[in-house]
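Worksheet: one structure, shown below.
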Amino acid sequence: MSYRTAVTARDFHEKTRDYFASKRVLVLGGSGFIGSHVVEQLLAIGAKPVVITRVPQPKYLETPIRNGECEIHCGNLNDLDFVAKVLKTCPIVMYMAASVGGLEFNFKHPASIFHDNMTPFLGVIRLAQQSAVERFLVTSSACVYPRHCSIPTPEEEGVLDQPEPTNAGYGWAKRMEEFVGQAYAKEYGMSIAIARPYNAYGPRDNFDPEKSHVIPALIHRAMTTESDYFDVWGDGSHSRSFLYVDDFARGLIETTALYPEADPINIGTAEEIQISRVAELIGETVSKIRGRSIAPKFNPDGLTGQPRRMCDTKKAFEKIGFQAKTPFLDGISKTITWYSENANSTVHSN
Ligand SMILES: C[C@H]1O[C@H](OP(=O)(O)OP(=O)(O)OC[C@H]2O[C@@H](n3cnc4c(=O)[nH]c(N)nc43)[C@H](O)[C@@H]2O)[C@@H](O)[C@@H](O)C1=O
């Protein structure tokens, strides 16, 4: 049976189900890693997802398209006349389109990442205002936080100092998207929700080692290495809070429905995991699959970025009753299983 999100209607608050039921929802970025899970979850709660995508037959939406459950419009987000025609038919807009990549990609491309994220966003939120949409979701990121932030990190620190320098282009773009969302709420009374998710991982991620985040990069390397070890950047002491894609998508949907206050909410887990533990777990799981010992080899001179990252989950629980449900060990094994079953199509350029 083909892979599909494990989240069902029961996983959502009744108010969220009622809010989205039978509504047309424009899901920008809806054919990608996160967006395709959001589309499937919206279908599970009775919404009508509408997706603008650059690829005519997005592979992760094959089933909903075949079943006529999901409306696809193929075009470019910077073509505002095209976007306006679709947007005006949708009362809810979930903006998740992003040019995103791992640490190295971010470090090398601050200008193009800032440009490629800001340009379509500014055009689309203006169209949404002119079209008087009912609700607009801004999808920010934990990248907004400064290098030496509190651990765990409360939302207030999202505007302090400057974003972690190794992901400056993306961090500033996300700070600007949050500010623009708040400005449209203030000037035009728009109903804006702002979600600030932490490091995503899971099935359908980008496993391209040049561009990917740590978990897909290490899984790809461990599953393809011909030696008995796989390289890891850094000495493994750096830490992150990882959020399984099903919880990530559900967090965006709950925030959109339940917290349109133009006030950022962290979406993540209260778990801080060192990269050494991530690499060990991937090594152990892959060794079982490949039937021989495959271990991580740490390179202390590798690019490492923010020393520590841990999500403060209090506000998300207080405001929208959100808690992540997928334990890290389960998430990692599901991701490696998906990789093994889809290895030929895991490295994608977008
Ligand atoms: C949420 C946010 O997060 C991203 O920042 P990041 O958390 O630093 O991203 P990352 O997953 O690429 O690295 C996490 C850690 O893992 C270590 N690490 C070891 N070995 C590999 C490795 O082989 N590849 C990568 N990528 N990292 C490695 C690496 O040295 C670092 O300490 C933003 O780029 C941005 O995209 C964003 O949205």
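Positions are given from 1, in the same order as the sequence printed here. Below, all heavy atoms of this structure are taken into account, side chains as well, without hydrogens, waters or symmetry copies. Start at 1 and go down the list; that is how both ligands and their atoms are numbered. Quick caveat, the model's predicted, so the values are computed rather than measured.
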Report summary line: Heavy-atom contacts under 4.0 Å to ligand 1, chain-then-number order, include exactly V100, G101, G102, L103, N106, S141, C143, N167, Y170, N199, S212, H213, V214, A217, L218, R221, V232, W233, H238, R240, I275, L303, T304, R309

Report task. Only counting residues at least two apart or in another chain, list the ones meeting side chain to side chain contact (heavy atoms under 4.5 Å, CB included) with T53. Result -> S31, V51, V55, P58, I72

Query - More than 12 heavy atoms from other groups under 6.0 Å of NZ on K15 - result: no

Query raised in the report: What's the shortest heavy-atom distance between I275 and R240, and which atoms?
Result: CD1-CG, 4.3 Å

Requested in this report: Would you check if the distance from the ring center of Y201 to the ring center of F328 is below 6.0 Å?
Outcome: yes

**Report entry** Closest non-hydrogen atom pair, I192 against A185
**Finding:** CG1-CB, 4.0 Å

Query raised in the report: Has the side chain of N117 got a donor or acceptor atom that lies under 3.5 Å from a matching backbone atom of S99?
Result: yes

